[in-house]
Amino acid sequence: MAELTGVVILGSTGSIGVSTLDVIARNPERYRVVALTAHRQVERMAEQCLRFRPRYAVMGDDGAAEQLRQRLQGEGIEVLSGVSGLEYVASHPECDQVMAAIVGAAGLPPTLAAARAGKRILLANKEALVMTGQLFMDVVERHQAELLPIDSEHNAIFQSLPDSFNGRLDTIGVSRILLTASGGPFRDTPLEQLATVTPEQAVAHPNWSMGRKISVDSASMMNKGLELIEACWLFHTRPENVQVVIHPQSVIHSLVQYIDGSVIAELGNPDMRTPIAHAMAWPERIVSGVADLDLFQVARLDFTPPDETRFPCLRLAREAMQSGGRMPALLNAANEVAVAAFLDGRVRFTSIPAIIEESLGRLGGGPAESLEQVFIADQEARRLASELVATGSF
Ligand code: NAD
Ligand code: MG
């Protein structure tokens with residue numbers, strides 16, 4: 001029998017983590033779980049550990065790690081904690097692939113550790129790449145890591161590019177990338193009502209079931225903004241070459257336009273197990289548990305351009321990428337603070353872009369040539385955005 005591929009899941013208790021475990025359970029002859037990691041969800045983590053028997057379990061939070069240690073006593077699973085624990089398992093020799101599925105900037109250190117150790121990285125944690133951009137891509141290249149996109153749009157673009165893609169879209173006849181977006185739950189909500197929508201309405205996505213932060217990002221379309229930046233780095237292109245297309249059915253997961261008029265797309269039911277299975281097995285294919293697409297049931301596909309009056313976050317992200325340097329890191333950090341405040345009921349939904357725009361305007365650009373500069377930018381934007389939330393005027 002061929003050796004099993006060792007998988008480490010960063011963020012195993014989250015939406016992507018659970019879907020990854022589901023794909024692994026369907027393919028036990030190929031994969032074994034080396035480590036599972038989470039922040040504070042001890043019960044869910046204990047259940048996952050008892051079912052998948054990893055060698056390590058890591059809790060970001062020290063107190064949660066202690067609880068898990070007691071819960072798993074005598075099971076032969078080593079419980080670690082904190083960033084050092086996350087970095088340790090992400091770079092462990094028994095690990096072949098790292099599913100990077102921690103939400104937000106917290107996912108950056110272990111994802112970077114995986115890149116430095118030359119692992120195959122299954123990248124769901126787009127915030128890590130948005131923050132660090134070229135620095136992250138350089139680490140991947142220097143250590144010959146393999147970076148495969150899990151974000152459904154980027155995975156679709158990857159699948160629509162030829163195997164000969166070597167980082168230069170212009171040499172393979174690509175004229176632009178078409179990034180699809182569902183438009184989220186507020187696509188048709190009257191503009192004047194957006195100020196009073198609730199967190200519960202914002203996280204109720206029409207097509208995808210996801211964690212709370214990315215669900216709010218989808219509702220504000222900051223998710224598409226972050227994805228625009230992510231696409232620029234992954235496919236070595238500029239924001240001008242990426243067109244966002246609102247496609248409410250979420251059946252086409254993104255498209256690539258070629259200079260001869262051809263457009264190649266990847267279609268399927270909106271279920272993250274497809275891109276997860278694709279990236280885990282690439283260049284082979286494995287079952288994912290996702291049902292075949294029923295085109296007769298889908299019946300029609302619609303497309304409209306995005307409305308940036310309704311969704312200022314998309315414009316803010318594009319401008320941040322065009323400005324470059326530390327701007328995307330500032331954007332990401334201010335967004336994380338504003339979204340957390342919205343989910344806590346401290347600011348309105350429409351305050352999210354307002355807080356980000358104010359933060360970017362006050363802090364201004366600057367270089368992001370070292371990780372230290374990125375971390376400083378991240379901290380500055382978090383501090384300022386938190387102050388803006390605390391003023392109560394947003
Ligand atoms: P989620 O909130 O459901 O799960 C997040 C996971 O990260 C949990 O396991 C949590 O315990 C862990 N975590 C959070 N903070 C942590 C910390 N400080 N230290 C250690 N672990 C921590 O989120 P999700 O929806 O699964 O999304 C995860 C990532 O994948 C995000 O970056 C998101 O943008 C991206 N993504 C998600 C989807 C989706 O369908 N859910 C699609 C594309 C991309
Ligand atoms: Mg996506």
Side-chain angles (χ1 to χ4, degrees), residues 8-22 35-45 48 57-65 68 80-87 89-90 98-111 113 121-131 148-158 179-184 203 205 207-218 220-231 234 244 247 250 252-254 266 269-276 279 290 332 335-336 339-340 343:
V8 168
I9 305 180
L10 302 173
S12 66
T13 55
S15 162
I16 293 287
V18 168
S19 292
T20 306
L21 286 172
D22 185 82
L36 296 177
T37 87
H39 192 34
R40 293 206 178 100
Q41 291 168 288
V42 175
E43 243 346 277
R44 194 167 212 187
M45 177 57 120
Q48 291 183 340
V58 188
M59 301 304 285
D61 181 78
D62 292 341
L68 185 70
L80 308 173
S81 73
V83 177
S84 60
L86 296 171
E87 290 177 336
V89 296
V98 176
M99 169 55 78
I102 290 175
V103 58
L108 178 61
T111 307
I121 299 169
L122 314 170
L123 186 73
N125 178 209
K126 64 194 92 185
E127 295 94 340
L129 181 57
V130 167
M131 288 171 73
L148 296 177
I150 294 298
D151 222 335
S152 58
E153 297 76 5
H154 307 75
N155 184 271
I157 294 162
F158 182 69
L179 199 61
T180 54
S182 70
V203 300
H205 196 278
N207 306 343
W208 299 92
S209 142
M210 310 180 286
R212 285 166 73 78
K213 191 261 179 182
I214 183 178
S215 295
V216 175
D217 284 348
S218 298
S220 71
M221 281 198 78
M222 178 54 91
N223 184 49
K224 213 47 55 180
L226 298 176
E227 290 182 358
L228 173 82
I229 298 173
E230 183 186 13
L234 287 175
V244 174
H247 164 46
S250 298
I252 298 183
H253 301 140
S254 279
E266 186 262 348
N269 287 316
D271 186 321
M272 290 306 292
R273 291 175 299 175
T274 294
I276 290 168
V290 178
N332 178 66
N335 181 57
E336 285 192 31
V339 170
L343 283 170

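Order of appearance sets the numbers: ligands from 1, and atoms from 1 within every ligand. Note that the coordinates shown come from a computational prediction; the quantities given were computed from them, not determined experimentally.
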Evaluate the side-chain hydrogen bond (donor to acceptor under 3.5 Å, both in side chains) criterion for residues Ser81 and Asp62: first the C-alpha distance (whole Å), next the side-chain angles of each, then the deciding distance (0.1 Å), finally the verdict.
CA-CA 6 Å; Ser81 73; Asp62 292 341; 2.9 Å; yes
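- In Val103, the parts holding a heavy atom less than 4.0 Å from any atom of ligand 1 are both the side chain and the backbone.
- Taking the side chain as every heavy atom from C-beta outward, Ile276 and Met99 approach each other to under 4.5 Å.
- Using a 4.0 Å cut-off between heavy atoms, Met210 contacts ligand 1 through both its backbone and its side chain.
- Looking at Glu127 against ligand 1, only its side chain comes within 4.0 Å, counting heavy atoms.
- Asn155 and Pro149 get closest at one heavy-atom pair: ND2-O, 3.0 Å.
- No side-chain donor-acceptor contact under 3.5 Å links Thr274 to the backbone of Pro270.
- Salt bridge Lys126/Glu153: absent, no basic N to carboxylate O contact under 4.0 Å.
- The single protein non-hydrogen atom nearest to atom 23 (O) of ligand 1 is Gly211 CA, 4.0 Å, given as residue, atom name and distance.
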Any chance you could lay out the salt bridge (Lys or Arg N to Asp or Glu O under 4.0 Å) test for Glu127 and Lys213, step after step, and finish with the verdict?
CA-CA 11 Å; Glu127 295 94 340; Lys213 191 261 179 182; 2.9 Å; yes
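- Between Met221 and Asn223 the shortest side-chain heavy-atom distance does not fall below 4.5 Å.
- Side-chain contact check for Val103 versus Ile214: every heavy-atom pair is 4.5 Å or farther apart.
- In Glu227, the N, O or S atom that comes nearest to the Mg ion (ligand 2) is OE2.
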Determine, step by step, whether Ser182 and His205 satisfy the side-chain hydrogen bond (donor to acceptor under 3.5 Å, both in side chains) criterion, reporting the C-alpha distance in whole Å, the side-chain angles of both residues, the deciding distance to 0.1 Å, and the verdict.
CA-CA 9 Å; Ser182 70; His205 196 278; 3.1 Å; yes
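- Within the 3.5 Å criterion, the main-chain N or O of Gly63 finds a donor-acceptor partner in the side chain of Asp61.
- Residues Glu266 and Ile252 fail the side-chain proximity criterion, which asks for heavy atoms closer than 4.5 Å.
- For ligand 1, one of its N or O atoms has an N or O atom of Thr13 under 3.5 Å away.
- Residue Ala124 touches ligand 1 through backbone and side chain together, judged by heavy-atom distances below 4.0 Å.
- The shortest N or O to N or O distance between Arg40 and ligand 1 is not under 3.5 Å.
- Protein heavy atom closest to atom 33 (C) of ligand 1, with residue, atom name and distance, is Ile214 CD1, 3.8 Å.
- The Mg ion (ligand 2) lies closest to atom OD1 when only the N/O/S atoms of Asp151 are considered.
- The backbone N or O of Asp217 lies less than 3.5 Å from a partner atom in the side chain of Ser220, making a donor-acceptor pair.
- Closest to atom 29 (C) of ligand 1 among all protein heavy atoms lies Ile102 O, 3.9 Å.
- In terms of protein heavy-atom proximity, atom 18 (N) of ligand 1 is closest to Ala106 CB, 3.3 Å.
- Although no hydrogens or angles enter the test, the distance criterion places no donor-acceptor pair under 3.5 Å between the side chain of Asn125 and the main chain of Ala101.
- On a distance-only criterion, Gly14 and ligand 1 share at least one N/O pair closer than 3.5 Å.
- From the protein, the heavy atom lying nearest to atom 3 (O) of ligand 1 is Ser15 N, 2.9 Å.
- Glu153 contributes atom OE1 as its closest N/O/S atom to the Mg ion (ligand 2).
- Looking only at protein heavy atoms, the nearest one to atom 34 (O) of ligand 1 is Lys126 CE, 3.2 Å.
- Proximity of Gly17 to ligand 1 is not established, as no heavy-atom distance is less than 4.0 Å.
- Taking only nitrogen or oxygen atoms, main chain and side chain alike, Gly60 does not reach within less than 3.5 Å of ligand 1.
- Remark: minimum distance from atom 27 (O) of ligand 1 to any protein heavy atom is reached at Ile16 CG1, 4.2 Å.
- At the shortest separation from atom 43 (C) of ligand 1 among protein heavy atoms lies Asp151 OD1, 3.1 Å.
- Using a 4.0 Å cut-off to heavy atoms of Ala38, the atoms of ligand 1 that qualify are 11 (O), 21 (N).
- Annotation: His39 places an N or O atom under 3.5 Å from an N or O atom of ligand 1; distance criterion only.
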